[in-house]
Amino acid sequence: MASSMEAQRKSLPIYSARDRLIREIKTNPCCIVVGETGSGKTTQIPQYLHETGLSKKGLIGITQPRRVAAISIATRVAKEQSVSLGAEVGYAVRFEDCTGPSTKIKYQTDGLLLREAIQDPLLSRYLVVILDEAHERTVHTDVLFGVIKGAQKERRERHIKLLRIVIMSATLDTSSYSNYFNNAKVLYIQGRQYHVNVYYTLKPQSDYIHSAITTVLQLHGEEESGENGDILVFLTGQDEIESMLHTLIQCKSLFPSHWKDMMVLPLFSALPSAQQQKVFQKPPPNTRKVILSTNIAETSLTLSGVKYVIDTGMVKGRGYNPLMGLDLLLVQPISKAQARQRLGRAGRESEGYCYRLYTEESFLQLEENTVPEIQRCNLSSVLLQLLAMGIKDILSFEFMDQPPEESLIAALEELVLLKAVNKEEETLELTPLGKRMSSFPLSPSLSSCLLASVDYDCVVELVTLVSLLSVDTVLYTPTDGREKADLARMKFFCPEGDHLMLMKIHKAYQTSNEKKSWCHDNYIHARNMSTVQDIRKQLKEICRQNSLQLTSNNDGERLRKTLLCGFFRNVAEHVRDGKYLTVLSRQEVFIHPSSCLFSVTPPPPFVMYTELVHTTKCYMRMVSVIDPKWLFEIAPNYFHKTMTTNMIQD
DNA sequence: CTCTCCCTT
């Protein structure tokens, strides 16, 4: 057993580079390791460093952008080391710490290491920090770049043991990484990937869904019998996936009898777990799987058996407009790096085929890389975290790719309004409230509401409410079951709005005996509801650490007022025909169709919202009715200063 | 007036 494991480790492409890797990482304070998928860098390099004795002087920490990856890789490495998970090899993700006093190799999410850096900005427990999947450029990885670079410098100046930095990436474009990390040594490792044949369309396609359907049917019909490769189609969202699913199922009934059967499966993040699991099951004999997926199958889930990839060249992605404080959610062309990632999904087990539903010329015109997340997100959380680490000179914090200055300024303004930061001339000072806010794993607005609940004596209720607002959605609505879902959920309707409706749903959920079937019957998202319970538990524990009393009061008006303490800027006034204007910027906004206030007539004159997202229009996504008089009580300075309208009639 | 890609603390 142990020897077969050892033989397997030695057969990896990286093994021949073992001695060189150990030598270089020992002699260079920063290294960049470039290796494709299948090189074994993530599992092997930490073990090499451990086996050579480096871990005697401190922890070897490896970050991953995703929880499941951190857990499954640690499990694998513990097996290879013949130790039990949580002993020498462990992992830590939110809600779950599987490490112990003997842990030497620790896999963790990048977000968790960042949180750890708030308590210990020098990362003094670590001898080596390895940032894996750095090419994905998550906002957490990008902030960690600056944090570990700063920690290394400061440890050197204070003569504390050297912090060794290893950046692992799958892209060959290494000069920006190397420049940023003091001309770090770049090491290349062979990957193990099969050849993928690429095909482009000859003309641009006006309707990529139609092209995708045609391509699936052609592949399925043309292929010689005996071969059986699954087809993976990349689409942009649930709607597209479900509509293509229905078309393909209709086509199936017209197949000639000698054709193989086709099993068409949807795949997207919000899909209930039981349905997601179907993509991993073996299809019945003589049946081909056709998986219709969002970009979840690009990196997060690895599907075995895929031989054909159909790439529409489009993705639905987030953006951010700092001037309006607005999240954007738009369908846009992918980057070249993303197109290569999609292609690679066809060559994991054997030679594969990739059909790009665009011309080669349009491929060449795509952006080289996806814009790093830090340049297209709200930075208020990042800013609060940096300040909590003692980094005061925010505007000159060295990012590898600097976020837009407007985003930093907007984030700063938000923190000042929430009284988390005092801005005295040129210096920024974190207030005691701000320090306390940073101890919660929440956006500054939500932390702010939660702390306001101390004064309103409703901490228990706000813990629940901010937990409910921390998950993507509590409602699950399949496209073809909208009416049924609306009907089933009618009993939760609240004339005061979505936030009290969420509380009502939560109460019913807690009193139900069979949670799973209750969620199913009521079109409630079971997985997310279960996450809400984990978040509540964690938030209560942090309240306890902050010596906050868990007071309770369930009055609906009180809860909405408390919520307004963190979201007083998000108020809109009805003008006509369901059209609203934000009180601050006079921007045109609408109630999102998923809101329980969407079809209420007449529309409430004043509402507050906890999310604003621009898709086809600018939508307020969680909406409650408010009395505008509350605003003068809650944010008197703000509404005194900025009010330009005759908002209050009496 | 008709709709939320993917992650994470």
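Letters A, B, ... mirror the listed sequences (proteins, then strands); counts begin at 1.
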Just call it for Phe268(A): base, sugar-phosphate, or nothing, with non-hydrogen atoms closer than 4.0 Å on any strand. sugar-phosphate

Glu240(A) side-chain N/O to Thr236(A) backbone N/O, donor-acceptor pair under 3.5 Å: yes

For Thr477(A), answer base if it contacts any base atom (sugar-phosphate contacts may also be present), sugar-phosphate if it contacts only those atoms, and nothing otherwise; contact means non-hydrogen atoms under 4.0 Å. nothing

What contact category does Val139(A) fall into here, base, sugar-phosphate, or nothing, at under 4.0 angstrom with non-hydrogen atoms? nothing

Which residues pass the salt bridge (charged side-chain N to carboxylate O under 4.0 Å, His left out) test with Asp401(A), sequence neighbours left out? Arg137(A)

Base, sugar-phosphate alone, or nothing: which one does Lys579(A) contact when heavy atoms must sit under 4.0 Å apart? nothing

Mapping Arg318(A) and Gln538(A) onto DNA chain B by nearest heavy atom, which one lands closer to the 5' end? Arg318(A)

Need one value for Thr138(A): base, sugar-phosphate or nothing, where a base atom within 4.0 Å counts as base even if backbone is also close, heavy atoms only. nothing

Under 4.0 Å, heavy atom to any atom of DNA chain B: which of residues 331-343 of chain A qualify? none

All side-chain contact (heavy atoms from CB on, under 4.5 Å) counterparts of Ser447(A), not counting sequence neighbours: Met437(A), Phe440(A), Leu442(A)

Considering every strand and a 4.0 Å limit on heavy-atom distances, what is the contact class for Arg482(A): base, sugar-phosphate, or nothing? base

Test of understanding: with side-chain contact (heavy atoms from CB on, under 4.5 Å), list the residues that count as partners of Phe590(A), not counting sequence neighbours. Lys579(A), Glu588(A), Lys617(A), Tyr619(A)

Face-on cation placement of Arg621(A) at Tyr609(A) ring, 6.0 Å and 45° thresholds: no

Taking any heavy-atom pair under 4.0 Å as a contact, classify Ile296(A): base, sugar-phosphate, or nothing. sugar-phosphate

Among residues at least two apart in sequence or on other chains, which ones pass side chain to side chain donor-acceptor pair (under 3.5 Å) with Gln538(A)? Arg94(A)

Which pairs pass side-chain hydrogen bond (donor to acceptor under 3.5 Å, both in side chains) with one or both residues in residues 264-277 of chain A, sequence neighbours excluded? Ser273(A)-Arg527(A)

Listing, residues 473-481 of chain A side-chain donor-acceptor contacts under 3.5 Å, not counting sequence neighbours, or none:
unit_1    : atom_1 : unit_2    : atom_2 : d
Thr473(A) : OG1    : Leu475(A) : N      : 3.1
Thr473(A) : OG1    : Leu475(A) : O      : 2.9
Thr477(A) : OG1    : Arg489(A) : NH2    : 3.0
Thr479(A) : OG1    : Asp239(A) : OD1    : 3.4
Thr479(A) : OG1    : Glu242(A) : OE1    : 2.0

First and last nucleotide of DNA chain B in contact with chain A, 5' to 3', at under 4.0 Å to a heavy atom: what are they? dC1(B) to dT9(B)

Partner residues of Cys618(A) under the side-chain contact (heavy atoms from CB on, under 4.5 Å) criterion, sequence neighbours left out: Leu326(A), Gln587(A), Val589(A), Leu612(A), His614(A)

